[in-house]
Amino acid sequence: MSREETKIILSEAELPTHWYNLRADLPDVPPPLHPATQKPLRPEDLAAIFPPDLIEQEMSAERWIPIPEPVREIYRLWRPTPLVRARRLEEALGTPAKIFYKYEGGNASGSHKLNTAVAQAYYNRKAGVRRLATETGAGQWGTALSVACRFFGLECTVYMVKVSYEQKPYRRIMMNVFGGEVIPSPSERTAAGRAVLKRDPNSPGSLGIAISEAVEDAATHGDTNYALGSVLNHVALHQTVIGLEAQKQLDAVGEQADIVIASAGGGSNFAGLAFPFVYERLTTGREIRFIAVEPAACPTLTRGAYGYDFGDVAGLTPLLPMYTLGSGFMPPGIHAGGLRYHGMSPLVSALYRKGIIEARAVGQRRVFEAAVQFARVEGIVPAPESAHAVRTAIDEALRAKEEGTRPTIVFNLSGHGHFDLAAYEAYLAGRLDDVAPEEEELKRTLAGVVPVAEEA
Ligand SMILES: *Cc1c(COP(=O)(O)O)cnc(C)c1O
């Protein structure tokens, strides 16, 4: 393989055989708590909604976890994904930095989310489950799970945030193509949905409400389990194929990452790219910077609090130790729907708490400016979520130019934006607003966050 290569492609034989579990190297992350008793969660507490293998992975401290052969077989449909040297972007910026992006948009779901959807569907099938219930915001996760359920012969019920259901009919149709049933949330199907509708019949919905509905659906039906597309340890685990491949690809062209960048909603695509590099930093001591990029409208790491909070609005989920804006936080309707979540993966949160990773919040106008610039030179229209990483990669490359440094920047292009053209239209027409939550509102929603008892 030559150093001049633009697109670094691994053979199928080089598809990773194991996922990397960061918990092995972060042993002191506080445990999740039972929502009612507030005692550390036991595996059996999760048995009503998750299959045994995923519960084990959620709590495992094993460093390398084998990827089952049926999952690898499906991964081979689109993995290993390319790592691309963004030479034309480098040239346009006039930067001495080298910029690489890992492209996760080349599968049926159009995003990285299929990496965990396939694994979750597999383990549920193995446990004899008949149907999976889930929520989706912008639609990427619902699409990924619909695809994965179809591969493993499961039914799929998707509670879709109502405002997205109405604004993104094509996402709903995608899910229908793969046999997913899509229900606008809040709905009349669940007690959680009915409670919200009673308070506000015109509620646009939120990811937190939709999670409550899907969890309730799973908990009240014996043949149905729940699947979450981000935040949890097992989801982060499954996504590490991204970073493990990227390491091999950099290796193949004699490069080493200096700055690793990904957008962060619930933290899964960031975890997927970054965790294997965190391991590299922990084991080699080589300085690598990590930047998690979030929207200014939903600034979980940069303006949230670290404490125990629910993953949903109704308080049905375990209490997770994480950075959060409060489970009652209702993010403004920005276009990067996949980043509108109040919480953050406990593992990503722990890395931030320890100062191992940095976080940055950016406004959507600068995000779309970067997305369009990237599209015009590299020929891929990024998902608005991924465009947060594009923005930050460009900013770091421009900074390198100013400072005369030559870092190797690797970012996650977590998905394509083909279903987000309305957002691009709004940007091109100058109709995008930069929004950020008021201090007063954050004070109110953060009040319910329970501080983590720190070790003395
Ligand atoms: C869902 C999504 C995200 C945000 O979710 P994470 O769990 O933080 O990765 C980012 N990019 C794309 C393309 C998505 O679909």
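Residue numbers run from 1 in the order of the sequence given. Every number for a ligand or one of its atoms is a count from 1 in the order of the listing.
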(request) Using side-chain contact (heavy atoms from CB on, under 4.5 Å) as the criterion, list what pairs up with Ala210, not counting sequence neighbours. (result) Glu135, Tyr159, Val161, Ser185
(message) Counting C-beta onward and ignoring hydrogens, is there a side-chain heavy-atom pair between Val71 and Trp19 closer than 4.5 Å?
(response) yes
(request) With Arg125 as the cation and Phe152 as the aromatic partner, state whether NZ or CZ is under 6.0 Å from the six-membered ring centre and within 45° of the axis. (result) no
(message) A cation-pi test, strictly: NZ or CZ of Arg63 under 6.0 Å from the centre of the six-membered ring of Tyr20 and no more than 45 degrees from its axis. Yes or no?
(response) no
(request) Pick out which of Asn107, Ile74, Val147, Leu77 makes a side-chain contact (heavy atoms from CB on, under 4.5 Å) with Val118. (result) Ile74
(request) Run through ligand 1 for me and note each protein residue having a heavy atom under 4.0 Å from it, chain first, then residue number. (result) Ser111, His112, Lys113, Gln140, Ser230, Ser263, Ala264, Gly265, Gly266, Gly267, Ser268, Asn269, Gly338, Leu339, Ala383, Glu385, Ser386, Ser414, Gly415
(request) Mind running ring pair (Phe, Tyr, Trp, His ring centres under 6.0 Å) on Tyr323 and Tyr352 for me, showing each step along the way? (result) CA-CA 9 Å; Tyr323 278 88; Tyr352 186 58; 5.2 Å; yes
